[in-house]
Asks: 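Below: one structure in structure tokens.
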There are 2 protein chains.
Amino acid sequence: MNNLTEIFKEKKLKLTPQRIAVYKYLKSSKEHPSAETIYKALQPEYPTMSLATVYKALKTLVEVGLVQELNVGEGNFRYDGNICNHPHIQCLSCGRVDDIEGFCFTDLNTSIKQYTDYEVLTNQVYFYGLCKDCKNKKK
Amino acid sequence: MNNLTEIFKEKKLKLTPQRIAVYKYLKSSKEHPSAETIYKALQPEYPTMSLATVYKALKTLVEVGLVQELNVGEGNFRYDGNICNHPHIQCLSCGRVDDIEGFCFTDLNTSIKQYTDYEVLTNQVYFYGLCKDCKNKKK
DNA sequence: ATACCTGCAAAGGTTTTGCACATAC
DNA sequence: GTATGTGCAAAACCTTTGCAGGTAT
């Protein structure tokens, strides 16, 4: 939350209730929600906020580096309030997306250098499988 | 090409000129084209083929495992005729997508097991950076 | 006071769908 | 001959945009 205030002040962006709400929601959630999901979740508390505003707030937050955009290949984007570089895993059965903690792939950028003539800057690693619940249901 | 014939026969799918053209194009290309790109590329030789048919052909090819779908986070899908599990890299400047060869991440599924309660099945690894051409242009 | 942001509605881009006709088997 | 696939147009999604009015600084 302090990050938000500082960075917005520094970049001369306005700290509106809508932007705060979106950021707060992302910081408190581990669900990697889509814009639509965020919009619906904030609806009760911010009934007048529009979906377009959610999209605009997300774009701004991504631009200033407070939030990261994920694309697990569903045809839409998801957002993550945790900006440190960590892999994600999606359940092929129920679609939920979880963080994988304790494993950092930043060093991969270095290991991959010898296999490409690109200047490697970042990476995204996605795993796919079956979550605990869906595994149990199958039994 | 033999794969295509065999698998389609086995799954009782029809081997139409359109499906063959899409598959052949993907096998011959290293560009990881989108549906639109494939459609335009095949236009001269198949002027009556519709974009919807390209989409349907791609869906079928992905379903039977002859082609893989990529999502580098552009808001659309790209397709790859090379189905073995390899990482991709996209240029943040010009948007091109290249294969990274000589590096296989299948063993990552095993190494990641201790960090998640999912049953890990597959993964997708994307790198982002600057390609040779764009690096040189900047100088 | 004013530059920036919101909310609405409309537009833009990608992918899917329904249906009549065509074609691979 | 029949089930499946194609081509067209329309629809369904997700995301962006333009603009008038509102608000944080």
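Chain letters run A, B, ... following the sequence lines, proteins first and then strands; every chain starts at 1. All values reported here derive from a predicted model rather than from experimental measurement.
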Asks: Determine the interplanar angle of the A:His86 and A:His32 rings, folded into 0 to 90°, and report it as parallel if under 30°, tilted if 30 to 60°, perpendicular if over 60°.
Replies: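 Tilted.
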Asks: Where along residues 74-82 of chain A does a heavy atom fall under 4.0 Å from DNA chain D?
Replies: A:Gly75, A:Asn76, A:Phe77
Asks: Quick check: is B:Val64 connected to B:Phe77 through a chain of hydrophobic side chains (ILVMFWY, heavy atoms under 4.5 Å apart)?
Replies: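 In one cluster: yes.
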Asks: Along DNA chain C, 5' to 3', what are the outermost nucleotides having an atom less than 4.0 Å from a heavy atom of chain B?
Replies: C:dT14 to C:dC25
Asks: For A:Glu69, which residues count as a salt bridge (charged side-chain N to carboxylate O under 4.0 Å, His left out) partner, sequence neighbours excluded?
Replies: none
Asks: Between the protein and nucleotides 10-13 of chain D, are there any N/O to N/O pairs under 3.5 Å, and if so, what are the atom names and distances?
Replies:
none

Asks: Same cluster or not: are A:Leu61 and A:Ile83 linked, directly or through other Ile, Leu, Val, Met, Phe, Trp or Tyr residues, by side-chain heavy atoms under 4.5 angstrom apart?
Replies: no
Asks: Separation of A:Glu69 atom CD from D:dC14 atom P, in whole Å?
Replies: 15 Å
Asks: When you measure from the side chain of B:Tyr46 to the backbone N and O of B:Tyr39, does any donor-acceptor pair fall under 3.5 Å?
Replies: no
Asks: D:dG7 phosphate, OP1 or OP2: any side-chain N/O from B:Thr48 under 4.0 angstrom?
Replies: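 Indeed, a polar side-chain atom of B:Thr48 lies that close.
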Asks: Tell me which pairs pass salt bridge (charged side-chain N to carboxylate O under 4.0 Å, His left out) where either residue lies in residues 39-49 of chain A, with sequence neighbours left out.
Replies: A:Glu36-A:Lys40
Asks: Please list all pairs meeting side chain to side chain donor-acceptor pair (under 3.5 Å) that have one or both residues in residues 59-68 of chain B, counting only residues at least two apart or in different chains.
Replies: B:Gln68-B:Gln124
Asks: Rounded to whole Å, please give me the gap between NZ in A:Lys59 and C1' in D:dT15.
Replies: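 Atom-to-atom, A:Lys59 to D:dT15, this comes out as 10 Å.
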Asks: Has A:Arg96 got a side-chain atom pairing as donor or acceptor with A:Cys91's backbone, closer than 3.5 angstrom?
Replies: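 The answer is no, because no donor-acceptor pair under 3.5 Å joins these two groups.
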Asks: Distance check: side-chain N/O of A:Tyr55 vs OP1/OP2 of D:dT16, anything under 4.0 Å?
Replies: no
Asks: Could you work out, with side chain to side chain donor-acceptor pair (under 3.5 Å) as the rule, every residue matching B:Ser29, not counting sequence neighbours?
Replies: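 Per chain and number, B:Ser29 pairs via side chain to side chain donor-acceptor pair (under 3.5 Å) with no residue.
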Asks: Where the side chain of B:Lys27 meets the backbone of B:Gly81, is there a donor-acceptor pair that is under 3.5 Å apart?
Replies: yes
Asks: Just list the side-chain donor-acceptor pairs under 3.5 Å for residues 110-122 of chain B, sequence neighbours left out, or say none.
Replies:
unit_1, atom_1, unit_2, atom_2, d
B:Ser111, OG, B:Asp107, O, 2.9
B:Thr116, OG1, B:Tyr118, N, 3.1
B:Tyr118, OH, A:Asp98, OD2, 2.7

Asks: Tell me, please, which residues at least two apart from B:Lys30 pass salt bridge (charged side-chain N to carboxylate O under 4.0 Å, His left out).
Replies: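 Once residues adjacent in sequence are excluded, the partners of B:Lys30 under the salt bridge (charged side-chain N to carboxylate O under 4.0 Å, His left out) criterion are B:Glu101.
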Asks: Would you mind reading off the bend of the helix from C:dA1-D:dT25 to C:dC25-D:dG1 from its two end axes, five pairs each, to 10 degrees?
Replies: 40°
Asks: Do we see a donor-acceptor contact under 3.5 Å between the side chains of A:Asn82 and A:Asp99?
Replies: no
Asks: Apply salt bridge (charged side-chain N to carboxylate O under 4.0 Å, His left out) to A:Arg19 and list each qualifying residue two or more places apart in sequence or on a separate chain.
Replies: none
Asks: Ring centroid separation for B:Tyr25 and B:Tyr23, is it under 6.0 angstrom?
Replies: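 No, the ring of B:Tyr25 stays outside the 6.0 Å limit from the ring of B:Tyr23, centre to centre.
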Asks: For every nucleotide of nucleotides 18-25 of chain D, 5' to 3': is a protein heavy atom under 4.0 Å from its base (B), only from its sugar-phosphate (S), or from neither (-)?
Replies: B----BBS
